[in-house]
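Since the structure comes first, as structure tokens, the remarks are kept for the end.
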Amino acid sequence: MDKQFQWWPPQASNFAPPVDQLYLFLLAVTAFFTLLIFACIVYLALKYRRRRGRRPAPVQTNHLLEITWTAIPFALTLVMFFWASGLFVRMREPPADAMQIDVVAKQWMWKVQHPSGRREIDELHVPLGRPIKLDMTSEAVIHSFFLPAFRTKQDVVPGAYNIEWFTPTRVGEYHLFCAEYCGTQHSKMIGRVVVQTPAEYQAWVAGTGVDEAPAVVGARLFTQFQCNTCHGQRAPTLANLFGSTVKLSDGAAITADDNYLRESILAPRAKIVAGYQPLMPTYAGQLTEEQVMDLIAYIKSLHNQQP
Ligand code: HEC
Ligand SMILES: [Cu+2]
């Protein structure tokens with residue numbers, strides 16, 4: 001870490017400069033009006049202070065003044081709104097080619113798995129210049145994955161997938177915090193994010209070679225939990241399912257994203273595929289969060305394949 005005193009955390013992702021610019025704008029507007037208002041208070045308090053023999057004149061409404069000090073703040077807040085929501089929307093929408101890394105939060109650690117299979121705890125290695133999408137869930141309570149140098153923070157809620165994405169723009173090591181109070185050892189739920197050059201990252205991720213890729217583990221689980229005994233026969237094929245539109249028995253249509261797949265496995269009766277019987281047993285309580293992620297990785301890997 002840099003030893004010098006710093007006003008800001010380092011800027012290490014594509015979101016750091018725009019977030020800082022917005023923040024500076026808010027700060028400048030706030031400082032300007034704070035000073036203006038205090039200056040007016042002091043000036044007017046002195047000018048109209050109570051003096052012997054002087055009586056206050058009745059106040060007349062000045063419409064021009066009223067309109068001005070309504071319209072200017074209104075315009076300013078609109079600027080803030082569109083600026084901030086534009087940035088917010090960008091931060092919600094990872095590019096299609098982003099590399100997905102799985103994160104499972106538990107009390108009190110971050111468990112991370114890369115697409116190649118390599119796992120790490122309380123650390124996140126990422127390659128420079130590559131859009132990264134974190135697919136995150138939690139085992140019990142709400143945590144929040146906060147990377148100050150990247151200016152990104154996202155609550156990690158049990159029972160669903162939350163995403164966070166960014167493109168690292170500066171090699172180095174930066175803080176990783178849990179930003180949601182999650183129990184007695186919340187303050188120890190800290191770690192680091194390590195931005196490496198693509199070549200370093202490739203070497204690192206190939207590293208020890210002991211961890212299997214999520215999709216490979218998922219393929220094994222698919223037979224182990226006998227998903228294959230139904231799927232392909234009495235149940236819909238899962239090939240090319242991810243990202244497709246699924247027609248449900250109640251007439252609705254839904255895009256098969258991570259959260260839909262997760263629900264299909266853990267609460268299969270919540271949404272029934274049109275034309276099928278609700279035969280599928282629930283796997284809630286039988287699979288760990290990692291295993292659900294592995295199964296989803298396997299289903300995703302069935303893209304552009306024959307059933
Ligand atoms: C007893 C048979 C059976 C087993 C075992 C089974 N399923 Fe299913 N599954 C179904 C049926 C039938 C449907 C379609 C009706 C529905 O939506 O529940 C389905 C639907 C799904 C869907 C949604 C499919 C779509 O087209 O939208 C997914 C994903 C899924 N199953 C995954 C799994 C996984 C993973 C396993 C193993 C952990 C599994 N299933 C085990 C019968 C089964
Ligand atoms: Cu936490």
Side-chain angles (χ1 to χ4, degrees), residues 103-112 121-122 136-147 153-158 161-162 164 175-191 214-215 217-303 307:
V103 177
V104 176
K106 59 178 289 182
Q107 285 165 312
W108 289 271
M109 65 177 84
W110 299 104
K111 297 196 284 184
V112 174
I121 285 179
D122 289 341
M136 308 189 289
T137 190
S138 166
E139 283 184 358
V141 302
I142 302 177
H143 301 272
S144 182
F145 198 88
F146 181 31
L147 299 171
K153 185 200 280 176
Q154 172 63 48
D155 274 12
V156 182
V157 181
Y161 292 122
N162 296 104
E164 178 166 340
H175 289 297
L176 158 62
F177 294 124
C178 177
E180 185 76 59
Y181 179 68
C182 57
T184 47
Q185 291 182 48
H186 160 69
S187 62
K188 299 210 175 102
M189 199 165 158
I190 51 180
V217 180
R220 202 166 50 236
L221 292 171
F222 201 74
T223 355
Q224 193 183 323
F225 284 88
Q226 295 174 344
C227 318
N228 58 339
T229 58
C230 295
H231 284 279
Q233 295 150 51
R234 290 176 289 165
T237 166
L238 303 182
N240 298 324
L241 170 61
F242 184 72
S244 71
T245 306
V246 179
K247 289 214 176 61
L248 302 178
S249 55
D250 64 2
I254 187 168
T255 304
D257 58 7
D258 290 276
N259 277 314
Y260 171 74
L261 296 185
R262 181 195 163 85
E263 187 186 62
S264 297
I265 298 170
L266 297 179
R269 302 209 163 192
K271 298 189 180 72
I272 305 296
V273 184
Y276 288 92
Q277 295 299 313
L279 296 174
M280 180 163 157
T282 170
Y283 288 86
Q286 299 184 43
L287 298 164
T288 64
E289 289 297 348
E290 278 91 346
Q291 288 176 321
V292 178
M293 282 176 156
D294 291 339
L295 280 167
I296 292 176
Y298 170 64
I299 295 172
K300 285 180 181 170
S301 76
L302 300 174
H303 241 55

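Note that ligands are numbered from 1 as they come in the structure, with each ligand's atoms numbered from 1 the same way.
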| request: Can you measure from NE2 (His186) to OG (Ser144) and round to the nearest 0.5 angstrom? | output: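 It is 9.0 Å, given to the nearest 0.5 Å.
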| Listed by chain and number, what are the side chain to side chain contact (heavy atoms under 4.5 Å, CB included) partners of Asn259, not counting sequence neighbours? |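 In terms of side chain to side chain contact (heavy atoms under 4.5 Å, CB included), with neighbours along the sequence ignored, Asn259 is linked to Ala160, Tyr161, Asp257, Arg262.
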| Residues forming a side chain to side chain contact (heavy atoms under 4.5 Å, CB included) with Ile190, sequence neighbours excluded |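 With neighbours one apart ignored, the set is Phe177.
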Can a donor-acceptor pair be found, under 3.5 Å and without considering hydrogens, that links the side chain of [X] to the backbone of [Y]?
X      : Y      : result
Asp155 : Ile142 : no
Gln291 : Thr288 : yes
Tyr283 : Phe225 : yes
His143 : Glu180 : no
Gln107 : Cys182 : yes
Asp122 : Trp110 : yes
Thr255 : Thr245 : no

| said: Looking at Lys271 and Asp250, is any side-chain nitrogen of the basic one under 4.0 Å from a carboxylate oxygen of the acidic one? | reply: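 Salt bridge absent between Asp250 and Lys271.
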| task | Only heavy atoms count here, so choose which of Tyr298, Tyr276, Phe225, Tyr283 is nearest to atom 5 (C) of ligand 1. | result |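 Result: the heavy atom closest to atom 5 (C) of ligand 1 is in Tyr283.
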| With respect to atom 15 (C) of ligand 1, which of Gln286, Gln277, Gln291 exhibits the smallest heavy-atom separation? |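 The option holding the nearest heavy atom is Gln277.
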| Is it the side chain, the backbone, both or neither of Leu221 that has a heavy atom closer than 4.0 Å to ligand 1? |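 Neither part.
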| said: Below 4.0 Å from ligand 1: does a non-hydrogen atom of Pro281 turn up there or not? | reply: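 True for this residue.
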| task | Mark the output for Lys271 as yes if a heavy-atom distance to ligand 1 is under 4.0 Å, and as no if none is. | result |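 So Lys271 counts as touching ligand 1.
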| query | Any idea which atoms of ligand 1 are less than 4.0 Å away from a heavy-atom of Gln226? | reply |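 Heavy-atom distances to Gln226 below 4.0 Å select 5 (C).
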| Atom indices of ligand 1 within 4.0 angstrom of Val246 heavy atoms, with elements |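 So the answer, numbered in order with elements, is 27 (O).
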| Would you say the side chain of Glu290 lies within less than 4.5 Å of the side chain of Glu139, judging by non-hydrogen atoms? |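 Side chain of Glu139 against side chain of Glu290, heavy atoms only: contact under 4.5 Å found.
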| said: Less than 4.5 Å apart, side chain to side chain, heavy atoms only: is that true for Leu238 and Leu261? | reply: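 Result no, sub-4.5 Å side-chain heavy-atom pair not found.
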| request: Give the total of protein N/O/S atoms at a distance below 2.8 Å from atom 8 (Fe) of ligand 1. | output: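 The number of such protein atoms is 2.
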| field | Protein heavy-atom partner closest to atom 26 (O) of ligand 1 - residue, atom, separation in Å | value |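 Residue, atom and distance for the closest contact: Leu241 CD1, 3.6 Å.
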| For atom 17 (O) of ligand 1, what is the nearest protein heavy atom, given as residue, atom name and distance? |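 Protein heavy atom with the smallest distance to atom 17 (O) of ligand 1: Val273 N, 2.9 Å.
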| Heteroatom proximity flag, Tyr260 to ligand 1, N/O under 3.5 Å |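 Among all N and O atoms of Tyr260, at least one is under 3.5 Å from an N or O of ligand 1.
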| Counting only protein N/O/S, how many atoms fall short of 2.8 Å from the Cu ion (ligand 2)? |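 For the Cu ion (ligand 2), protein nitrogen, oxygen or sulfur atoms under 2.8 Å: 4.
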| Do the rings of Tyr298 and Phe222 sit parallel, tilted or perpendicular, given the 30° and 60° boundaries? |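 It falls in the tilted class, 30° to 60°.
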